[in-house]
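Labels below follow one simple rule: chain letters A, B, ... track the order of the sequence lines, proteins then strands, and each chain is numbered from 1.
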There are 2 protein chains.
Amino acid sequence: MDTGFDLREHGGVDVFLRDCPTRAVLDVIAGKWTMLVLVALADGRPMRFAELRRRLDGVTPKVLTQTLRALEREGLLTRTVYPTVPPRVEYRLTRLGQEAGGLVQRITDWSQANVAVMQAAREEYDGRAARQLPGAAS
Amino acid sequence: MDTGFDLREHGGVDVFLRDCPTRAVLDVIAGKWTMLVLVALADGRPMRFAELRRRLDGVTPKVLTQTLRALEREGLLTRTVYPTVPPRVEYRLTRLGQEAGGLVQRITDWSQANVAVMQAAREEYDGRAARQLPGAAS
DNA sequence: CCGCATCCTATTGGATACTG
DNA sequence: CAGTATCCAATAGGATGCGG
C-alpha cells in the first residue's frame with residue numbers, strides 16, 4: 001500500500017506540492033459536472049443515464065459519460081449494465097463515493113444558504129471595479 | 001434580497017438547473033487552485049502573496065492573482081494593501097471564506113485518508129481497460 | 001436507450017518578461 | 001514585493017450524427 005508519497009518528507013500536512021496525491025482527487029472532482037453528479041447520487045440510490053442527464057440540465061451525453069468514467073476509475077462509482085432490450089445501465093456510488101458525495105453536498109447546502117450574501121458581494125465588487133475604470137460611453 | 005431564483009418553481013431542492021445559483025459557486029471553487037487556496041487560509045491567518053505562492057507549489061503569479069480575485073469577488077477573501085515600501089499585501093479569508101475553507105478541508109482530509117484506496121481503484125480500472133484493448137506491441 | 005465518433009470552440013492555465 | 005502584459009498550449013467542454 002505504498003503510495004509513493006510521504007507527507008513527513010515534505011514538511012507537514014498542509015504543504016501542497018506538485019506531486020501531492022490530494023491534487024489528483026481535487027482535479028477529478030473539480031470537473032464542471034462532477035460535484036453535481038456526486039450530489040445527485042449521494043443518497044446511494046442508483047440512477048440511469050437518461051435520468052442523470054435530466055437532473056444535470058445542460059450536460060451533453062459525451063461530457064456526462066466522461067464524468068461518470070472518471071468517477072468510476074477513481075472507485076467512487078459503479079456502472080452496471082443490464083443486458084436487456086432496450087439496454088439499461090445503472091450508476092451507483094460506492095461507499096467511498098457516498099462519503100465524497102456527502103462532503104460535497106455540505107458545500108452545495110452551504111452555498112445555497114449563502115447565495116444572497118455572495119451575490120451581494122459580487123455586485124459590490126463589480127460596482128467598485130466599474131467606478132475605478134470610468135469607461136468611455138455614457 | 002431576491003436572487004431571481006426559486007427552487008420551488010423548479011420541482012425540488014435537488015434539481016441542478018442551468019441557472020441554479022449553486023452552480024456559480026461550484027464554478028468558482030472548481031478552479032484548479034481555488035480549493036488549495038481556501039485550505040491554505042482556512043485557519044483565518046492572513047498570508048502574503050509570495051507565501052501563498054510558495055505553498056501552492058507550481059502556481060504562476062498570473063493564475064494565483066486570478067484565483068484570489070475570484071475569491072475576493074465572491075466575498076470569501078479580503079485583500080489588504082499596506083502602503084509600505086516594499087509593498088505588503090495580505091490575503092485573509094472572510095468569515096464566509098473560512099466556512100468554505102473548512103468544508104473544503106474536510107474533502108482534502110478525506111481524500112488524504114483514502115488515497116491508497118483510490119489509487120488501487122485506478123490501477124485496477126486501467127488494468128481492465130488494457131486487457132480489453134489488447135494493444136498491438138508485445 | 002445508451003453512448004461513441006468526430007469535429008470544433010472556448011476557456012483555463014502556463015511560460016516568460018517586464019513594471020510600480 | 002506584488003503583481004501586470006503578452007503570448008501560447010492544453011484540454012475541457014459542446015454540437016451533431018451514427019451505432020449496438
- prompt: Quick one: salt bridge (Lys or Arg N to Asp or Glu O under 4.0 Å) partners of R69(B), sequence neighbours excluded?
  reply: E72(B)
- request: Hey, which sits more toward the 5' end of DNA chain C by its nearest nucleotide, A50(A) or G31(B)?
  value: A50(A)
- request: Would you indicate whether the side-chain heavy atoms of M118(B) and V25(A) approach each other to under 4.5 Å?
  value: yes
field: P61(A): side chain to side chain contact (heavy atoms under 4.5 Å, CB included) partners, not counting sequence neighbours
entry: F49(A), R53(A)
All pairs passing salt bridge (Lys or Arg N to Asp or Glu O under 4.0 Å) where residues 100-109 of chain A contributes a residue, at least two apart: none
query: Where does the chain A footprint on DNA chain D start and end, counting 5' to 3' with a 4.0 Å heavy-atom cut-off?
result: dG13(D) to dG20(D)
query: Backbone N or O of V28(B) within a donor-acceptor pair of the T34(B) side chain at under 3.5 Å?
result: yes
statement: Contacts of R122(B) meeting side-chain hydrogen bond (donor to acceptor under 3.5 Å, both in side chains) (sequence neighbours excluded), chain-then-number -> E74(A)
statement: Outermost contacting nts on DNA chain C, any atom under 4.0 Å from chain B heavy atoms, listed 5' then 3', are dG13(C) to dG20(C)
Results of salt bridge (Lys or Arg N to Asp or Glu O under 4.0 Å) for R88(A) - residues two or more places apart only: E90(A)
- request: Scan R53(B) against the nucleic acid and name what it touches under 4.0 Å (heavy atoms): base, sugar-phosphate only, or nothing.
  value: nothing
- request: Work out which heavy atom in L52(B) is nearest to a heavy atom in A40(B); give both atom names and the distance.
  value: CD2-CB, 4.2 Å
statement: Between the CH2 atom in W33(A) and the OG1 atom in T60(A), the distance rounded to the nearest 0.5 Å is 8.0 Å
- line: So the salt bridge (Lys or Arg N to Asp or Glu O under 4.0 Å) pairs with at least one residue in residues 37-50 of chain A (sequence neighbours excluded) are R45(A)-E51(A)
query: Can you list the residues that meet the side-chain hydrogen bond (donor to acceptor under 3.5 Å, both in side chains) rule with Q105(A), with sequence neighbours excluded?
result: none
message: I need the residues from residues 66-87 of chain B with at least one non-hydrogen atom less than 4.0 Å from DNA chain D; give them sorted by number, or say none.
response: R69(B), R79(B), P86(B), P87(B)
Divergence of helical axes at both termini of the helix from dC1(C)-dG20(D) to dG20(C)-dC1(D) - five pairs an end, 10° steps: 60°
field: Heavy-atom side-chain contact between L41(B) and M47(B) under 4.5 Å
entry: yes
- prompt: Which residues pass the side-chain hydrogen bond (donor to acceptor under 3.5 Å, both in side chains) test with E99(B), sequence neighbours left out?
  reply: W110(A), R95(B)
